[in-house]
Protein chains: 2
Amino acid sequence: MSQRNTDVTAQVIQDQACPIVEVLDHVAGKWSIGVIVAAADGPIRFTELERAVNGISRRMLTLTLRKLERDGLLVRTVYPTVPPRVEYSLTDMARELHASLLTLTSWAERHRADIIAARAEYDEREDAELSTATA
Amino acid sequence: MSQRNTDVTAQVIQDQACPIVEVLDHVAGKWSIGVIVAAADGPIRFTELERAVNGISRRMLTLTLRKLERDGLLVRTVYPTVPPRVEYSLTDMARELHASLLTLTSWAERHRADIIAARAEYDEREDAELSTATA
DNA sequence: CTGGATCCGAGACGATACTG
DNA sequence: CAGTATCGTCTCGGATCCAG
């Protein structure tokens, strides 16, 4: 990490930053994927998202929504009604991303069982080695 | 998470044990993507990975490699030479994943500038609102 | 209904030192 | 070369309470 430039108006700290890995870390984060996929079918409300993304807390949903909105992936629309109504929808950029995410989720679904099996086998081998080491 | 309503949102991404979210969180984690992409061109050694994945520490590289190996995505081959030589290569399952990850990284590269711009605009609006609130 | 604010434990992560 | 062990820091993320 480069030290902060001490000279004038160094708001340029960000220009070199934001490597691809950073972008992906935001976008492919634990909750972001779920939110984007859930919002892909059209405008969706806060509570609907909370139910759609299994296991997310209200706090993390809020934070994830803010992050995605800040990155220009979500548009937040507030309807000044009582009770309040807020809808989130994907931007074009996010819609492009969604297509890629779908191939990811598809892969994950197809290989979920394989991964579980691989883990079991790995752990078993590990235990075996531990036994022989002890013996 | 007790009651499961019989109604909509059945197309949620995760719905059972070892949810897709878990899989994706492992596989699309901050460092995993970089490692998989770096290992896609063929067997690659530890130190080569360390240089290929920008910003990763030795510790995180080790942990990431173990995790991916455990999930059945990487094969670790040790050559009993002096000095030691260890090579990592993708499994077929991981090679499939790699294709999806390429579309992701491609998206990230294409929209990196857009995201930075969106952030700047968002932060600016935020500051403006703060000013009016103070005034 | 849609959040924000705060507290706090758990895990991620980097730096450093040591090993076969 | 390819790791492991330990430590301290920091962020993530849940729980809870409060508000428009």
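By convention in this document, chain letters (A, B, ...) are assigned in the order of the sequence lines, proteins followed by strands, and residues within each chain are numbered from 1. This one's a predicted model, so the numbers in the text were calculated from it and none came from an experiment.
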Selected nucleotide, minimal atom distance to [X] side chain, candidates [options]:
X     : options               : value
B:R76 : C:dG4, D:dG14, D:dG3  : D:dG3
A:P84 : D:dT4, D:dG20, C:dG3  : D:dG20
A:K30 : D:dA2, D:dG13, C:dC13 : D:dG13
A:R66 : D:dC1, D:dG13, C:dG4  : C:dG4
B:P83 : D:dC1, C:dC1, D:dG14  : D:dC1
B:V86 : C:dG3, C:dC1, D:dA2   : D:dA2
A:Y88 : D:dG20, C:dG20, C:dG3 : C:dG3

**Prompt:** Contact class for B:R58 (heavy atom, under 4.0 Å): base, sugar-phosphate, or nothing?
**Reply:** base
**Request:** Report which part of the nucleic acid A:Y79 touches: base, sugar-phosphate, or nothing (heavy-atom distance under 4.0 Å, all strands).
**Result:** nothing
If I take atom [atom1] in residue [X] and atom [atom2] in nucleotide [N], what distance separates them, rounded to the nearest angstrom?
X     : N      : atom1 : atom2 : result
A:R85 : D:dG20 : CZ    : C1'   : 18 Å
A:L63 : D:dG13 : CG    : P     : 9 Å
B:N54 : C:dG14 : CG    : P     : 12 Å
B:R59 : D:dG3  : CZ    : P     : 15 Å
A:M60 : C:dG3  : CE    : C1'   : 15 Å
A:F46 : D:dG20 : CZ    : C1'   : 15 Å
B:E50 : D:dG3  : CD    : P     : 10 Å
B:R45 : D:dA2  : CZ    : C1'   : 9 Å

Taking [Y]'s backbone N and O only, do any of them form a donor-acceptor pair with [X]'s side chain (distance below 3.5 Å, no angle check)?
X      : Y     : result
B:T62  : B:R58 : yes
B:W107 : A:H98 : no
A:T91  : A:G72 : yes

**Item:** N/O (side chain, B:T47) to phosphate O (OP1/OP2, D:dA2) under 4.0 Å
**Value:** yes
**Message:** So A:L101 and B:L104, do their side chains get closer than 4.5 Å, heavy atoms only?
**Reply:** yes
**Request:** Mind checking the CH2-CG spacing from B:W31 to B:L63? Nearest 0.5 Å is all I need.
**Result:** 12.0 Å
**Message:** Both A:T62 and A:D25 contact DNA chain C. Which one's nearest nucleotide lies toward the 5' end?
**Reply:** A:T62
